[in-house]
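Please read the structure below before turning to the comments.
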Amino acid sequence: MMKDRILEKLNANLKSSLLAVNEYRGELTLTVVKGDIVKVCQFLRDDGDLRFDGLRDLCGADYYRPEGRFEVVYNLYSLKNKFRLRLKVRVGENDLHVHSVSHVWPTADWHEREAYDMYGIIFDGHPDLRRIYMPEEFEHFPLRKDFPLMGIPGSLNLPRK
Amino acid sequence: MGMSRAEESFFTTRLEQIMGWARKNSLWPMPMGISCCAIEMMSFAGPRFDVSRFGSEAFRFSPRQSDLMIVAGTVTYKMSHVVRKIYDQMPDPKWVIAMGACTSTGGMYRSYSVVQGIDLFIPVDVYVAGCPPRPDNLLKGLMEVQKKIARGEKPGQCEKIYIQEHLKFDERQDSRKA
Amino acid sequence: MEPNIQEAKQKILRALENQDTTVTFEDPLENDMVLNMGPQHPATHGVLRLLVRLDGETIVSVVPDLGYLHRGYEKIAENCTYHEFIPHTDRLDYLSPLANNVAYVLAVEKLAGIEVPQRAQYVRVICAELARLASHLVWIGTMAMDVGAVTVLLWGFREREKIQDIWDVLTGVRFTTSFTRIGGLAQDITPEALRMTADFLDQFPKSLAECENVLVRNKIFIGRCEGVGYVSAADAIAWGLTGPLLRASGVDHDLRRDEPYLVYDRLEFDVPVHTDGDVLARFYVRVQEMRESVRILKQALDKIPSGPVNAGDPKKVLPRKERTYGKMEELIHDFMIVNFGINPPVGEAYHAIEASKGELGFYIVSHGEGYPWRLKIRSPSFVNIQCLPLMLKGGMISDVVAVIGSMDPVMGEADK
């Protein structure tokens, strides 16, 4: 089975990077050590059998817990095996740096910019990390749980009537 | 001076009426198509709900060559500066139709980045309700602007005539009659 | 506040410069022009802003600027129940609203573990394929109009009006339908809607052939589209392109066949693939996709079974409205589901469908409450626009509209 092959290969080569393995509704989720994310991604992409050559989605999530408040979630897809995999990395509030995977999959570029814009997670090694949705002068991070839905009055300005 | 007030205004009224008739039957819209309402606006210009029979033959995308701006779609704070700039570039007299719920009041998006109604930064003449309004509703909005022009009203002031969806003509509530 | 805005604007210009560090702005006779194809433009398919650096007519680099339609969907989703978010999904890819409805409820049903009856699945296939046809009709109209052939826009809209009439009878609304519900559909499909769909499918291939013949034998159209915006297969996979763009670059991948959802594994259809990778190849792929959609629809209309259209789970599926007025249990369940939500178990799920632009996926994290904890929309247009600088490198300024037309981005989903 595909799941067993992935776990076998990862346990053989990068066992120290895996923190947790979870399966729900037929989907496999691996929690990875934050510093090793690039190694794991490169291994999964380059391995001749697994060939996870498609990064379908990269997003952040705010769990609002004291330990490891944010998470960066990578949804991978293998065109050859037609299999999906999810990787997760925990990012604490006081150390918002994660290494960028944009040199592994170029498509991660804008997804990481979006995660930065919405959560404030900083991706080291990203070629051009700036805001993508909100205007450049916006000072807050909208998708954090402590940012109100209606916004903070005065944070965005309107033209005069 | 020697002429009485009634005679003096006869010629100017006729002239204004002719100019009003010419203006209202050749309103060239500038479609500020931003999101979903823009597709209904394209249908409104399409073969079924043909708007060129109302004189709006040429959809000019350049603001300098148009007199009616139809704002169709959600206006965010980032986009509002662009809409205002384009409104300022239009020559006078100019009218604005706020198409859809998002432009009238922010619509279903009560969120941090959506302007809750474009009348916060642009004077609006007619609000058309709907999400998105049917093209026939938008045609009704266009006809209301034409009536405003025929009455000789100044553009930019809305006299609160609401166009409600799916009502027959005689059920429309006209607040001026009340 | 003023210095901040200036510095912010400089950042974008610096991003442009950084892409090509050999050129400077010093010599006035040898400088490049930075052109702003602003958010309000007849041919950018919505509010997409492109900063194009030009050397005469040749494009040196392109920086897209998004966010002019960012409405805060993901934040809104964290404050709505699962049912309340369905109308919001209509407005994502607003050219094919039914497909987005189907994608979202499939993701929620995967998370909650609800099994939908067969009839509802067939009707959802019909909805998704009609939405694909409607979206491609607008695509062919706008792409042809951008390249110069204005007639095809009106023909495309004529056909699209017929599809919108079918939606009117089926769902009650012409455009933003919100038709699917968690566990099934809002209402059953009537024989009249089935008959209208069958009549439409009988005359559609002829109209499609008309539109195609006007364009495909036109030397100007071919000249403007051939060889423009080339993306190789390896680049397409690395940059995450999906949908017709991927298939036009030679990669044979279609979620309907490779990861079948709904009842696509019981329907026969081919997946068109071209290897040229340019704008013309994408045109052929999409036109052929329209023909395959007609084939799928005809099969679905034949094979649709009778039966219930909503799943039987009363704690998660909204009961029929007329029953809530007379029966106690239905009233209580209706109250609980509308006010408190469906409460799926704790966990997360990702489900994607093959929308008309590519892979539209929803990643939902649930903490056991009626509101999603996190909802991420993987929108195909966002990822496709990212590849625009690669496609336009070295091209001419007039290729920009052709490439954007072939990519068919919808800013409602790119900006969320």
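In what follows, chains carry the letters A, B, and so on, assigned in the order in which the sequence lines appear, proteins first and then strands, with residues in each chain numbered from 1. Not measured: the values here are computed from a predicted model.
- Highest contact tally toward chain A, considering only C/Val251, C/Leu241, C/Leu69, C/Ile385, is held by C/Ile385 [criterion: heavy-atom pairs under 4.5 Å].
- With ring centers used as reference points, C/Phe85 lies 6.0 Å or more from C/Tyr82.
- For A/Val73, the part sitting under 4.5 Å from any heavy atom of chain C is the side chain, from C-beta outward, and nothing else.
- Proximity to chain C (any heavy atom under 4.5 Å) is restricted, for A/Pro142, to the backbone atoms N, CA, C and O.
- Using a 4.0 Å cut-off between charged nitrogen and carboxylate oxygen, C/Lys357 and C/Asp408 count as a salt-bridge pair.
- For chain C, the nearby parts of A/Asp53 are the backbone and the side chain; heavy atoms of each come within less than 4.5 Å.
- The existence of a salt bridge linking C/Arg257 and C/Asp252 is confirmed by a sub-4.0 Å separation between a basic side-chain nitrogen and an acidic carboxylate oxygen.
- Between A/Arg65 and A/Glu71, at least one side-chain N (NZ, or NE/NH1/NH2) sits under 4.0 Å from a carboxylate O, which counts as a salt bridge.
- In this structure, no portion of C/Ala77 lies under 4.5 Å from any heavy atom of chain A.
- Checked for salt-bridge contact, C/Glu354 and C/Arg256 miss the test: no charged N lies under 4.0 Å from a carboxylate O.
- Under a 4.0 Å N-O distance rule, the pair A/Glu27/C/Lys110 qualifies as a salt bridge.
- By number of non-hydrogen pairs under 4.5 angstrom with chain A, the leading residue of C/Asp65, C/Asp235, C/Asn79 is C/Asn79.
- The parts of C/Gln386 that come within reach of chain A are both its backbone and its side chain, each placing non-hydrogen atoms under 4.5 angstrom from that chain.
- Within the 4.5 angstrom heavy-atom criterion, atoms from both the backbone and the side chain of A/Tyr63 approach chain C.
- Put simply, of C/Ala238, C/Pro345, C/Gly347, the one with the most heavy-atom pairs under 4.5 Å next to chain A is C/Ala238.
- Remark: the C/Asn36 side chain and the C/Arg49 side chain contain an N/O donor-acceptor pair separated by less than 3.5 Å.
- The most heavy-atom pairs under 4.5 Å with chain C, out of A/Glu114, A/Met118, A/Met134, A/Arg130, come from A/Glu114.
- Residue contact with chain A, scored on non-hydrogen atoms closer than 4.5 Å, involves the side chain of C/Glu78 exclusively.
- Between C/Tyr363 and C/Glu348, the side chains place a donor N or O and an acceptor N or O closer than 3.5 Å (distance only, hydrogens not considered).
- Contacts of C/Ile76 with chain A are made by both backbone and side-chain atoms, with heavy-atom separations under 4.5 Å.
- Interface residue A/Leu79: only side-chain heavy atoms are found under 4.5 Å from chain C.
- No part of A/Arg113 comes within reach of chain C, as not one of its non-hydrogen atoms sits under 4.5 angstrom from that chain.
- Neither the backbone nor the side chain of C/Ala236 has a heavy atom closer than 4.5 Å to any heavy atom of chain A.
- Counting heavy atoms from C-beta outward, A/Asp62 and A/Phe70 have side chains that approach closer than 4.5 Å.
- The residue among C/Glu74, C/His367, C/Glu359 with the most heavy atom pairs within less than 4.5 Å of chain A is C/Glu359.
- C/Lys75 touches chain A through backbone and side chain together, each having a heavy atom under 4.5 Å away.
- For the pair A/Asp117/A/Phe138, no side-chain contact is recorded, criterion being any heavy-atom separation below 4.5 Å from C-beta on.
- Contacts of C/Leu111 with chain A are made by both backbone and side-chain atoms, with heavy-atom separations under 4.5 Å.
- Among C/Ala352, C/Gly113, C/Gly361, C/Cys387, the residue with the largest count of heavy-atom pairs under 4.5 Å with chain A is C/Gly113.
- Every side-chain contact (heavy atoms from CB on, under 4.5 Å) that A/Asp47 has, sequence neighbours left out, goes to A/Lys9, A/Phe43, A/Asp49, A/Leu50.
- C/Ile364 has its side chain within reach of C/Val108: a pair of non-hydrogen atoms, C-beta onward, lies under 4.5 Å apart.
- The greatest number of non-hydrogen atom pairs below 4.5 Å with chain C, out of A/Arg86, A/Arg131, A/Arg45, A/Lys82, is found for A/Arg86.
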